[in-house]
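The structure under discussion appears below in the form of structure tokens.
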Amino acid sequence: MIAGLSLPQKALPPKYFYDSKGSRLFEAICRLKEYYPTRSELALTRGRIGEIARFAGRRGSPGITLIEYGSGDSMKSRLLIEALRPSAYIPVDISEDALRNAAAGLRRRFPWLDIRAVYGDFSRPLKIPMAQGRGRRVVYFPGSTIGNLTPEDAHAFLRMTCAQVGPRGAMLVGVDLKKDANVLHAAYNDAKGVTAAFNLNLLARINRELGGDFKLRRFRHYAFYNAAPGRIEMHLVSLVPQTVNIGSHRFAFAPGESIHTENSYKYSVEGFRALARSAGFEGEKVWLDPKGLFALHGLVAA
Ligand code: AVJ
């Protein structure tokens with residue numbers, strides 16, 4: 001946090017949004033009528049689950065290990081577990097509460113499944129417990145979380161995942177599509193202000209956990225589509241000249257100066273396939289929701 005706030009363009013990593021309050025706010029975002037990604041991905045996963053499981057499982061292949069990054073409430077993974085019947089499921093998440101609750105629910109629902117929850121940050125190499133056997137490894141990364149990474153970081157992340165699943169291993173990754181800027185704008189500037197509350201909670205969290213003295217009313221949520229890099233940017237804009245303390249550190253804000261809190265990159269089908277290919281994956285399948293808003297890519301490690 002200190003390092004990010006010391007940059008010329010102040011910036012904080014979006015992974016810190018997800019304390020328990022932030023996770024609840026994010027779940028509320030997912031229910032907003034303007035926020036199409038969750039609903040679109042769920043509809044597409046429900047509608048095509050047979051094909052998706054056939055791709056991931058090559059039908060009948062025994063001992064599949066399903067690894068999910070950013071599993072959250074494991075909502076979509078339930079569908080995939082039912083259809084794919086893996087022998088092991090490894091949910092990885094940075095929100096410990098969400099992870100433990102989801103794992104407990106899945107244990108009741110799928111008593112035959114070996115579940116090993118891993119609490120951690122998947123953007124760094126993690127020690128993943130692997131079920132024994134020669135089964136295929138499948139990484140599931142839904143939700144368009146990959147959009148938080150710059151294309152350079154996404155490339156490195158895909159390379160790491162490619163090595164993790166090994167030759168002929170698979171990855172299912174949810175990616176938000178490029179679309180009309182007005183639709184994007186509405187999704188990140190909802191009328192009820194839930195996204196604004198989600199963004200501002202990052203400052204409240206710094207106050208709670210790091211002894212900061214941010215006055216939340218002196219900052220405003222700001223989100224816009226930056227067409228050149230193809231990303232939504234979220235910022236917190238200082239409304240007045242002010243200084244903020246975090247422990248012994250002081251940060252000055254000019255009026256209008258912002259903290260850049262999130263990028264959410266949008267990709268065309270071909271754009272994402274090219275990125276995946278450059279990282280060692282072949283884009284074998286892609287499924288779109290009926291409205292063409294969201295894509296699920298089926299990648300195979302070359
Ligand atoms: C969880 C990263 C996919 O980028 O759309 C939602 C987070 N931020 N509204 C996204 C988010 C503001 C979300 N991801």
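Both counts, for ligands and for their atoms, begin at 1 and track the order of listing.
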Ligand 1 to N148, heavy atom cutoff 4.0 Å, flagged ligand atoms 2 (C)
Close-contact set for ligand 1 against S144 heavy atoms, below 4.0 Å |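 Heavy-atom distances to S144 below 4.0 Å select 3 (C).
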Going by ring pair (Phe, Tyr, Trp, His ring centres under 6.0 Å), name the residues that satisfy it together with F219, two or more places apart in sequence or in a different chain.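 Result, ring pair (Phe, Tyr, Trp, His ring centres under 6.0 Å) vs F219: F214, F253.
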Partners passing ring pair (Phe, Tyr, Trp, His ring centres under 6.0 Å) against F251 (at least two apart in sequence or in another chain):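 Expected list: none.
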Does [X] reach ligand 1, in the sense of a heavy atom lying below 4.0 Å from it?
{"X": "G147", "answer": "no"}
{"X": "F26", "answer": "yes"}
{"X": "P37", "answer": "no"}
{"X": "Y18", "answer": "yes"}

Geometric N/O contact [X] with ligand 1, under 3.5 angstrom:
{"X": "E262", "value": "yes"}
{"X": "S264", "value": "yes"}
{"X": "Y188", "value": "yes"}

* To do: Step by step, work out the side-chain contact (heavy atoms from CB on, under 4.5 Å) result for L12 and I206.
  => CA-CA 11 Å; L12 293 170; I206 294 176; 3.9 Å; yes
message: Is it the case that over 12 heavy atoms from other parts of the model lie below 6.0 angstrom from the CE atom of M160?
response: yes
Checklist entry - When you check the side-chain N and O atoms of N226 and N263, is any donor under 3.5 Å from an acceptor? => result no
For the residue pair Y89 and S77, confirm or rule out a side-chain donor-acceptor distance under 3.5 Å. yes
Just to confirm my output: which protein heavy-atom neighbour is closest to atom 3 (C) of ligand 1, and how far is it?
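Going atom by atom, the protein heavy atom closest to atom 3 (C) of ligand 1 ends up being G143 O, 2.9 Å.
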query: At what distance is the nearest protein heavy atom to atom 13 (C) of ligand 1, and which residue and atom is it?
result: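 Residue, atom and distance for the closest contact: Y35 OH, 3.3 Å.
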For a 4.5 angstrom cut-off between non-hydrogen side-chain atoms, does T195 reach L32?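 T195 reaches L32 side chain to side chain.
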With Y140 as partner, the option from V173, L80, I81 fulfilling side-chain contact (heavy atoms from CB on, under 4.5 Å) is L80
